[in-house]
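Within every chain, numbering begins at 1; the chains are lettered A, B, ... in the order of the sequence lines, protein sequences first and strands thereafter.
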2 protein chains.
Amino acid sequence: MPASALIAFEARKTPIQARSAVTVEAISEATIQVLLTHGAERFTTTRVAARAGVSVGTLHQYYPNKQALLFAVLENHMNHVAETVEAACENARIKPLAEMIREMVEAFVDAKMERADISGALYRVSANIGGPALIKRISERLRKAVEAMLQTAPDAKLPPDKFAIDTMLAAMAGAMRSLLEAGPSPGAVRKLREQLVLLCQSYMMAATSVR
Amino acid sequence: MPASALIAFEARKTPIQARSAVTVEAISEATIQVLLTHGAERFTTTRVAARAGVSVGTLHQYYPNKQALLFAVLENHMNHVAETVEAACENARIKPLAEMIREMVEAFVDAKMERADISGALYRVSANIGGPALIKRISERLRKAVEAMLQTAPDAKLPPDKFAIDTMLAAMAGAMRSLLEAGPSPGAVRKLREQLVLLCQSYMMAATSVR
DNA sequence: TCATTGGATGAAGGATTCTTCAGGTTTGGA
DNA sequence: TCCAAACCTGAAGAATCCTTCATCCAATGA
């Protein structure tokens with residue numbers, strides 16, 4: 001991968017006709033498939049194009065380079081997760097603290113598991129395509145959502161600390177990642193869901209009542 | 001990176017004379033430096049050799065390929081962290097639960113921060129060189145250490161759940177990673193240390209007394 | 001001293017990969 | 001029907017990389 005990092009991430013061209021929209025979608029899906037079947041090392045634009053049934057040239061018409069291609073898929077995935085969690089936070093306002101946390105955590109776990117394959121595959125490239133910066137942005141979004149939700153809790157004694165929420169989110173994401181990278185079994189997922197709820201609940205309880 | 005994954009990870013040759021030991025150490029340190037200054041993409045064996053002041057041939061005499069080189073550094077780093085945490089667990093036996101957790105967590109954070117640069121750099125390649133498998137091994141080690149420690153706690157009502165310990169460790173590592181990838185400031189580290197202690201304490205308290 | 005083993009060198013073989021661009025094909029409105 | 005715009009193609013240019021191997025230098029101990 002000789003490309004110099006972080007240059008030209010924007011999509012090059014926007015689909016206008018219907019067929020090109022199909023092409024772009026095919027490329028996007030092929031990206032995931034190639035990542036899944038060939039691994040991050042042997043992920044090449046040529047392979048993606050072949051899998052998508054288009055030529056390399058076409059691919060490069062929409063994505064200026066390999067990184068942009070991967071970044072687009074990563075961004076898409078993370079946005080989906082973020083939206084799901086945000087919606088859960090909206091929906092859990094005014095409920096008891098423990099219930100809030102439960103709904104938020106379960107929404108997160110479920111959103112991730114919805115496309116566990118993509119999640120797992122993306123971990124392997126995230127760090128090389130500006131993932132951490134993106135994660136930072138998304139985390140901030142989620143922190144705000146969680147913060148707003150917590151402020152409506154009837155049974156929280158203190159306003160929640162921003163840093164504590166960040167920590168909780170990072171911990172949650174970390175545990176999830178650990179599971180996905182290990183290859184999750186249905187049983188393990190169920191258990192993690194439970195444990196993560198308990199973890200976040202007990203931490204938030206402690207963080208909103210102490211200090 | 002055309003190399004097929006996971007082949008020949010073992011070191012090729014063991015240093016016998018003193019000068020070769022120096023060489024190997026230089027290569028190891030150069031690996032980190034190149035990772036840090038050039039990024040994971042532009043990490044090449046040639047560059048490492050140049051930085052270490054040896055020829056490519058020499059490098060390949062000790063490490064069969066690029067992955068082995070990176071893996072060795074990763075393994076070394078993780079072993080160091082694991083040993084530190086294990087020692088802390090040894091040392092914290094029979095103390096109150098909260099104190100145990102505090103010492104374990106602080107040992108972990110400190111060990112990671114000790115060489116924050118390496119930690120940060122390694123995140124960027126871990127996934128591509130068999131990191132997850134290694135993490136699995138190390139996690140198991142740590143879980144056993146923590147488990148043994150917790151069983152000596154005078155104030156824990158129930159024997160701790162294995163899965164809960166795994167979850168705690170994964171959460172802890174995840175939060176740490178998040179911080180290191182964001183570029184940690186001294187203040188942020190201090191805060192994370194506190195919060196992580198609180199998080200683990202409250203979770204373990206809940207997990208050892210409920211169910 | 002000198003033969004033997006350890007250690008180091010770096011040009012070159014063998015492979016890939018990314019990305020471009022000149023030119024052909026399809027679409028959709030006038 | 002016709003044409004301009006939108007799309008698509010894929011061979012080829014331009015870089016890099018990884019790894020080997022024949023060869024030379026250094027150390028060691030008999």
Side-chain angles (χ1 to χ4, degrees), chain A residues 1-28 30-31 34-35 38-72 125 128-129, chain B residues 1-28 30-31 34-35 38-72 125 128-129:
Chain A
M1 304 190 198
S4 57
L6 305 185
I7 301 180
F9 263 28
E10 299 302 312
R12 182 170 275 176
K13 191 157 120 185
T14 308
I16 293 180
Q17 300 177 1
R19 61 175 167 156
S20 67
V22 171
T23 298
V24 170
E25 176 52 34
I27 291 174
S28 183
T31 297
V34 171
L35 214 45
H38 291 265
E41 308 296 297
R42 311 203 313 179
F43 178 93
T44 73
T45 50
T46 310
R47 248 186 275 264
V48 172
R51 173 111 199 184
V54 301
S55 77
V56 244
T58 299
L59 187 155
H60 277 275
Q61 208 146 20
Y62 298 101
Y63 301 95
N65 52 49
K66 200 170 75 162
Q67 296 190 3
L69 177 56
L70 288 167
F71 187 81
V125 292
N128 303 130
I129 55 172
Chain B
M1 305 191 196
S4 57
L6 306 184
I7 300 180
F9 262 29
E10 299 302 309
R12 183 169 274 175
K13 191 158 117 185
T14 308
I16 293 181
Q17 300 178 3
R19 59 174 169 154
S20 67
V22 171
T23 298
V24 169
E25 176 51 33
I27 292 173
S28 183
T31 297
V34 171
L35 215 43
H38 290 265
E41 310 294 300
R42 311 203 314 180
F43 177 92
T44 74
T45 52
T46 310
R47 247 185 275 264
V48 171
R51 174 110 199 185
V54 300
S55 77
V56 244
T58 298
L59 186 154
H60 277 276
Q61 207 146 20
Y62 298 101
Y63 301 95
N65 52 51
K66 202 171 72 163
Q67 296 191 0
L69 178 57
L70 289 167
F71 187 81
V125 292
N128 302 130
I129 56 172

>> Rounded to whole Å, please give me the gap between CZ in A:Arg42 and P in C:dC18.
In response: 13 Å
>> Looking at every heavy atom in both A:Phe71 and A:Ile129, which two are closest together, and how far apart are they?
In response: CD1-O, 3.2 Å
>> So which atom in A:Val34 and which in A:Val48 form the shortest heavy-atom distance, rounded to 0.1 Å?
In response: CG2-CA, 3.9 Å
>> Nearest to the side chain of A:Arg47, heavy atoms from C-beta on, is which of C:dT17, D:dT19, C:dA8?
In response: C:dT17
> Does any non-hydrogen side-chain atom of B:Asn128 lie less than 4.5 Å from one of A:Asn128?
Replying inline: yes
> Hey, does A:Val56 reach any base, or is it just sugar-phosphate, or nothing, if we go heavy atoms under 4.0 Å?
Replying inline: base
> How close or far is atom P of C:dA8 from atom OH of B:Tyr63, stated in whole angstroms?
Replying inline: 12 Å
> Which pair of non-hydrogen atoms, one from B:Ala52 and one from B:Ala26, has the smallest distance, and what is that distance?
Replying inline: CB-O, 3.7 Å
> From A:His60 NE2 over to A:Ile27 CD1, what is the distance, rounded to the nearest 0.5 angstrom?
Replying inline: 9.5 Å
>> When you measure from the side-chain N and O atoms of B:Ser55 to the phosphate of C:dG10, is any distance below 4.0 Å, counting only OP1 and OP2?
In response: no
> Rounded to whole angstrom units, what separation is found between the CG atom of A:Asn65 and the C1' atom of D:dA15?
Replying inline: 15 Å
>> As a test of understanding, state which of B:Leu70, B:Leu59, B:Thr45 forms a side-chain contact (heavy atoms from CB on, under 4.5 Å) with B:Thr31.
In response: B:Leu70
> Between C:dT17 atom P and A:Lys66 atom NZ, what is the distance in whole Å?
Replying inline: 9 Å
>> Suppose we screen for side chain to side chain contact (heavy atoms under 4.5 Å, CB included). Which residues come up paired with B:Val24, at least two apart in sequence or across chains?
In response: B:Pro15, B:Tyr62, B:Tyr63
> Counting any heavy atom closer than 4.0 Å, what does A:Thr45 reach on the DNA or RNA strands: base, sugar-phosphate only, or nothing?
Replying inline: base
> Mapping A:Thr46 and A:Gly57 onto DNA chain C by nearest heavy atom, which one lands closer to the 5' end?
Replying inline: A:Thr46
> Once you round it to whole Å, what is the distance between P of D:dC17 and CG of B:Leu59?
Replying inline: 14 Å
> Of all heavy-atom pairs between B:Arg42 and B:Arg47, which one has the smallest distance, and what is that distance?
Replying inline: O-NE, 2.9 Å
> Could you give the CD-to-C1' distance, from A:Glu41 to C:dA15, as a whole number of Å?
Replying inline: 16 Å
Polar atom pairs between nucleotides 5-7 of chain D and protein, under 3.5 Å, N or O only, would you list them?
residue: D:dA6; atom: O4'; partner: A:Gln17; partner atom: NE2; Å: 3.3
residue: D:dA6; atom: N3; partner: A:Arg19; partner atom: NH2; Å: 3.4
residue: D:dC7; atom: OP1; partner: A:Ile16; partner atom: N; Å: 2.7
residue: D:dC7; atom: OP1; partner: A:Gln17; partner atom: N; Å: 2.6
residue: D:dC7; atom: OP1; partner: A:Ser20; partner atom: OG; Å: 2.9
residue: D:dC7; atom: O4'; partner: A:Arg19; partner atom: NH2; Å: 2.9

Under 3.5 Å, which N/O atoms of the protein pair with N/O atoms of nucleotides 1-4 of chain D?
none

> For B:Thr46 and B:Val56, which heavy atoms make the closest approach, and how far apart are they?
Replying inline: CA-CG1, 3.8 Å
